[in-house]
Amino acid sequence: MTRWLRQPKYRLRQGGVDYPYEEVRVLNPSRGINLLVADILANDKEATAGTKNIEYAEGGVATKRPGYTAQGTGLTNPGGGLGRYTSESSNYPIASDGGVLKKFQSNVWSTLPNTAVLDSTASISFTALFQKTYAWDGVNGGVVFDGTTVTRPGTMPRAKFSVTYKGYHVAAGVEGQPFRVYFAKSSEPSRFTDSVVPTGDDIGLNDATNVPGATVFAGAAGPRAIDINKNDGQKVTGLGFFQDVLIVFKEESIYQLYFNDTNGFVVERISSSYGAVCHGAIASVENDCYFLTDKGVYVLGNEPNYYASIRTNELSSRIRTLLQSITNWDKCRAIYHDDRYWLTAPINSDDVNQLIVYDRRFYAWAVWDNIYATDLMAFKDKDNDGKKHFYFLDDRTPDMQEFIWGSYSDNGEPISQVFVTRAFEGKKIDREKYWYALRPIFRRTTGDVNVTYTTENGSEGKPVRLTTNIPGGLGVDQIGAVLFGASQPDTYTLADLGISGGDSSSSSSTDSATSVYDVGVGLDARTLKVEFRNENLNEYFTLLGWVLLYQTKDHERFDGDFTFW
C-alpha cells in the first residue's frame, strides 16, 4: 500500500523521490465580488459568495468598511427623502419628516416655515436650484422652498422627479401623463403652466388634464412639454445626462433629447432593449451616466468610431444574480461619491437593507449589509467645518446617519467583515491535493481574524483564530498538526515570500506594520476555499494577499464513487 508521509518541507512517497511543494500566490485581491460563475471559475483576485462589508484601499486590498454614527436630533419619522438648500449665504441638508420639510443646522433638525406639506407615505425627490429647493411626492403638485417658506404654487405638476437642463427646470413621472416631460424656463422655474389655448399639435399647459396636479393656469407662453413616444405603453421612469444631451429613460427604452438651432425638440432612440427602473438610481459619474435596469447596472458611452452615437454597456454582470433579487425597484437610490457608485437596494426584503458599491478605481463590486438607507447624500458643509460628509437616512429609525472612515461600529453595533476566496484547484481540477499551509498577509489590522476552509465536500478542517495584535498565532508542526502559539507575526518576511518592496528600503511608511502568519491547513481535497472573518466591535483586518502551499497527489488517488469502467 502506498503511503504519504507528512514532512515540514516535503511530502515523500514511500520509496520515491522528493516531491516539492507547489503554491498559490495571490497579492492585492482587488477585483471584487464575482457571483456570476462557479467559485472554481472566479479569478484568483476575486471574492465569492458570502463576502461582505469590504472596501478596497491601498491599491485594491480588502479592508473593513467604515461604520456610521447618528447625527442630530429633531426627526420623528424614518426619512422620506434627503436634499439640500444652497444660496450665497447658507447651505444645509433638507429632509422630509412625515411630509414636513426640515433643515439640518448646528446638529439639530428644525421645521421650515410652510404653507404646504408633502404626502407622509411617499418617497420624496429633491431638486436643488440656486436659492430654491423643489420637492416632489408624485401625489400632489410639487412644492418649493425659497429660503423663507415652503409653498405649493399651484403651477407645478404632481411629478416624481426633476432635473435642470440648458436653462430649463425639467419634470416628469406624472401620473395621468406618463409619457410627458415638462419644461419650465429658468426665469420662472416654478411655472409649468400657462393660460394659452393650444393650436395645431402643440401641447396645451392651460388645464389640469394636461398638467395633472396643477391648479393655477395663468401667464403667457413660456413653459413647454413633449410626449416621448406617446402611447407605447411605457411611462417615463427617469431623467439623466450624458455629455450635452438630456437622457429620458422609460420602462423598456432610452431616448436622448436636445434642442436644434430653432430651439425645437430633437428626440432620438438609444435603446429598445431596456430602460431605467427608477429615477433615484440614475447618477452622473464623471462624463458617464450610470443607471439601474431590471438586468443590472448599465452605463452610457460613445459608440467606438461613431462619436455622435450613444451605446450602453453592463457594469454589473459579476453581481447580476444579486441585483435580480431586488424586490422593489422604486426604493433604490444611488449617488456618485469618492470614485464610487453607491446603490441602496431591498434585497429579498420589503425594506432597503443593503448598500451595493461599485469602485471605479478597481472595477470592483462590494456588498455592505446592516445599512438601511432610504436616501444618500454627499454634502460639503461650507457654513461650518468646510468638510464633505456622507449622510444617509435610516429606514429603521428617525435618524440621519453619517459614515465615519476609521470608525468600525454601526452606532455601537459590530460590523461583520467577511472575505471569501475562490475555490483554488492548483490548475489541476481532477487531482487530489494535500493542502499543507496558508500564509495570509495582513496590514494595519487589529483584533481577531477567524479563518475557515471549504473543500468540494463542504466545510472541513479546524477553524483558526489569529489574534493579530498579540504576538503568537497558530502554526503547524512537522506532522501538520495545528499548534497554538507556534507562529509569530513576521516569522516569514515579505522577502521570504518573494514579494518585493517589503524591506526597510521601501518608500511605504506602512511596511513595518505588515504581518505574515503560517497557518496549518492539513486537508486532503481537490479544491480549497478560504474564508477570513472578523465580527467583533471596533476590530478590522486589511488583507494584502496570501500564499497556499500544497502537493498534488498521484492520478490514481481518485474517489471510486466517480470511477466508471
Query - Non-neighbouring partners of D351 that pass salt bridge (charged side-chain N to carboxylate O under 4.0 Å, His left out), sequence neighbours left out - result: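 With sequence neighbours excluded, D351 shows a salt bridge (charged side-chain N to carboxylate O under 4.0 Å, His left out) to K331, given in chain and number order.
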Query - Partners meeting salt bridge (charged side-chain N to carboxylate O under 4.0 Å, His left out) with D369 (sequence neighbours left out) - result: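 With sequence neighbours excluded, D369 shows a salt bridge (charged side-chain N to carboxylate O under 4.0 Å, His left out) to K52, given in chain and number order.
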What is the ring orientation for [X] with [Y], classed by angle as parallel under 30°, tilted 30 to 60°, or perpendicular over 60°?
X: Y168; Y: F183; result: perpendicular
X: F249; Y: F291; result: tilted
X: F532; Y: F541; result: tilted
X: Y68; Y: F403; result: perpendicular
X: F192; Y: W136; result: perpendicular
X: F390; Y: W405; result: parallel
X: Y298; Y: Y274; result: tilted

For [Y], is there any backbone N or O sitting under 3.5 Å from a side-chain donor or acceptor partner on [X]?
X: D137; Y: I124; answer: no
X: T445; Y: R443; answer: yes
X: Q401; Y: A70; answer: yes
X: K166; Y: L246; answer: no
X: R269; Y: S271; answer: no

Query raised in the report: In terms of side-chain heavy atoms, does T397 have a donor or acceptor partner in Y372 at a distance below 3.5 Å?
Result: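 Absent: no donor and acceptor within the cut-off.
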Report task. Ignoring hydrogens and angles, state whether a donor on the side chain of Q234 or N229 is under 3.5 Å from an acceptor on the partner side chain. Result ->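 Short answer, no.
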Going by heavy atoms in the side chains, are [X] and [Y] under 4.5 Å from each other?
X: I319; Y: Y358; result: no
X: W546; Y: V26; result: yes
X: T452; Y: R533; result: no

Can you name the residues that form a side-chain hydrogen bond (donor to acceptor under 3.5 Å, both in side chains) with [X], not counting sequence neighbours?
X: R31; answer: none
X: K295; answer: none
X: Y258; answer: E268
X: T209; answer: none

Query - Of T527, I40, L41, the residue whose pairing with R422 passes side-chain contact (heavy atoms from CB on, under 4.5 Å) - result: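 With R422 as partner, side-chain contact (heavy atoms from CB on, under 4.5 Å) holds for just one option, I40.
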Query raised in the report: Just one of L393, L376, I371 clears the side-chain contact (heavy atoms from CB on, under 4.5 Å) bar with T344, so which one?
Result: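 Of the listed options, the one satisfying the test is L376.
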Query raised in the report: Between K160 and H279, does a side-chain contact (heavy atoms from CB on, under 4.5 Å) hold up when you go through it step by step?
Result: CA-CA 9 Å; K160 290 185 177 180; H279 175 77; over 6 Å; no
Query raised in the report: Does NZ or CZ of R224 lie under 6.0 Å from the centre of the six-membered ring of F265, at an angle within 45° of the ring axis?
Result: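 Positive - R224 is close enough to the ring of F265 and near enough to its axis.
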